[in-house]
Amino acid sequence: MPEIAFVNGRFLPLADATVSVEDRGFQFGDGIYEVIRTYDGRPFELEAHLARLDRSAQALDLRQPYSRQEWTQFALEAIQRAAFPEAKIYIQITRGVAPRDHAYHDDLVPTVVMTVREFRPLGASVRAVGVEAMTIEDIRWGRCDIKSVNLLANVLARQQAKHAKVFEAILIKDGQVTEGAVSNVMLVRAGTVITAPEGPLILSGVTRAVVLQLARQERLPVREQYCSQADLHAAAEVFLTGTTVEVLGVVRIDGKPIGDGKPGPVTQRLATRFLERTL
Ligand code: PLP
């Protein structure tokens, strides 16, 4: 099955897709992105992802070349052309190609790339057992709400997690839990679901919003507030949310068990509700 790319309005095989070495995305990380996955061939929460793409573009004064309607058509066509059982759609817009200079001209033509690759979800056994995480200092910049391709701190955190043989790096800023390197983090304390509030210190996850809505529907108390690292370790349950991880229980952090060391009842309930929501 073909891996598809879309570059500046043209579909082509992924292996043939190229951009200039003077692209500002390559030289400065001057660009934004989205990752969307399909369930049974349908993109999940596409509208919410495209809305966030618009917000990121606006925040960086980046010209968004296509309307949401056009993006929707391109994404649906890409999914159809690739025809994977489940796919991961990656959209990237950079400020464009120019001789290297930090400051930019307003008339640059953005570079637009979309790729579609096969997506293999985490296995049921991993979900049943849960995953391990470690805490790492959050050294990112002050606009983590922008989904920028400038991911160096996330890359280093993820690599540290890989070396430690744990699934995710949970980021701590000034003693408070912000989010994971590739996910949002939620904890359960006395039956209340708690997660960091939206703002410049976290990415407003599309999955986070869906899960908070599901929690409210389930009549679970929800609080959007910061927690300390000690709160995290003392939580009854901890779970991650994200496009690729969905709702995933964390059962050990920094080598210490969370609760009884198994995905807890609230995590399981929200994971089930989330799965139903994708059908
Ligand atoms: N936080 C970070 C830093 C991420 O990179 C991601 C996803 O890539 C998320 C949170 C989860 O966001 P979403 O649920 O929109 O995938």
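Start at 1 and go down the list; that is how both ligands and their atoms are numbered. Quick caveat: nothing in here was measured; it's all calculated off a predicted structure.
- The heavy atom nearest to atom 10 (C) of ligand 1, considering only Thr207, Asn184, Val35, is found in Asn184.
- Atoms of ligand 1 found under 4.0 Å from any heavy atom of Gly180 (numbered from 1 in listed order, with element): 3 (C).
- Near Gly205, meaning under 4.0 Å from any of its heavy atoms, are these atoms of ligand 1: 12 (O), 13 (P), 14 (O), 15 (O).
- Using the six-membered ring where Trp is involved, Phe44 and Phe274 have ring planes that are perpendicular, over 60° apart on the 30 and 60° scheme.
- Closest to atom 5 (O) of ligand 1 among all protein heavy atoms lies Val182 CA, 3.6 Å.
- Residues Tyr90 and Gln92 have side chains that bring a donor and an acceptor to within less than 3.5 angstrom of each other.
- Those atoms of ligand 1 that come under 4.0 Å of a heavy atom in Asn154, given as number and element, are 3 (C).
- Other residues, nucleotides and ligands contribute only 12 or fewer heavy atoms inside 6.0 Å of the CZ atom of Arg120.
- Considering Lys173, Arg208, Arg140 as possible partners of Glu179, the one that fulfils the side chain to side chain contact (heavy atoms under 4.5 Å, CB included) test is Arg140.
- Considering backbone and side-chain atoms alike, Thr243 places an N or O below 3.5 Å from some N or O of ligand 1.
- Atom 8 (O) of ligand 1 has as its closest protein heavy atom Lys147 NZ, 3.1 Å.
- Scanning both residues, Val250 and Ala133, for their nearest heavy atoms gives CG1-CB, 3.9 Å.
- Within ligand 1, the atoms closer than 4.0 Å to a non-hydrogen atom of Glu179 are 1 (N), 2 (C), 3 (C), 10 (C), numbered from 1 in the order shown.
- Applying the side chain to side chain donor-acceptor pair (under 3.5 Å) rule to Glu132 yields no partners; only residues at least two apart in sequence or on another chain are considered.
- The closest approach between Ala181 and ligand 1 falls below 4.0 Å for a heavy atom of the residue.
- On a distance-only criterion, His49 and ligand 1 share no N/O pair closer than 3.5 Å.
- A 6.0 Å sphere centred on CZ of Phe11 holds more than 12 heavy atoms belonging to other residues, nucleotides or ligands.
- Taking Arg117 as the reference, Glu3 meet the salt bridge (charged side-chain N to carboxylate O under 4.0 Å, His left out) condition, with sequence neighbours excluded.
- Here Ser183 has backbone heavy atoms under 4.0 Å from ligand 1, and that is the only part of it that gets that close.
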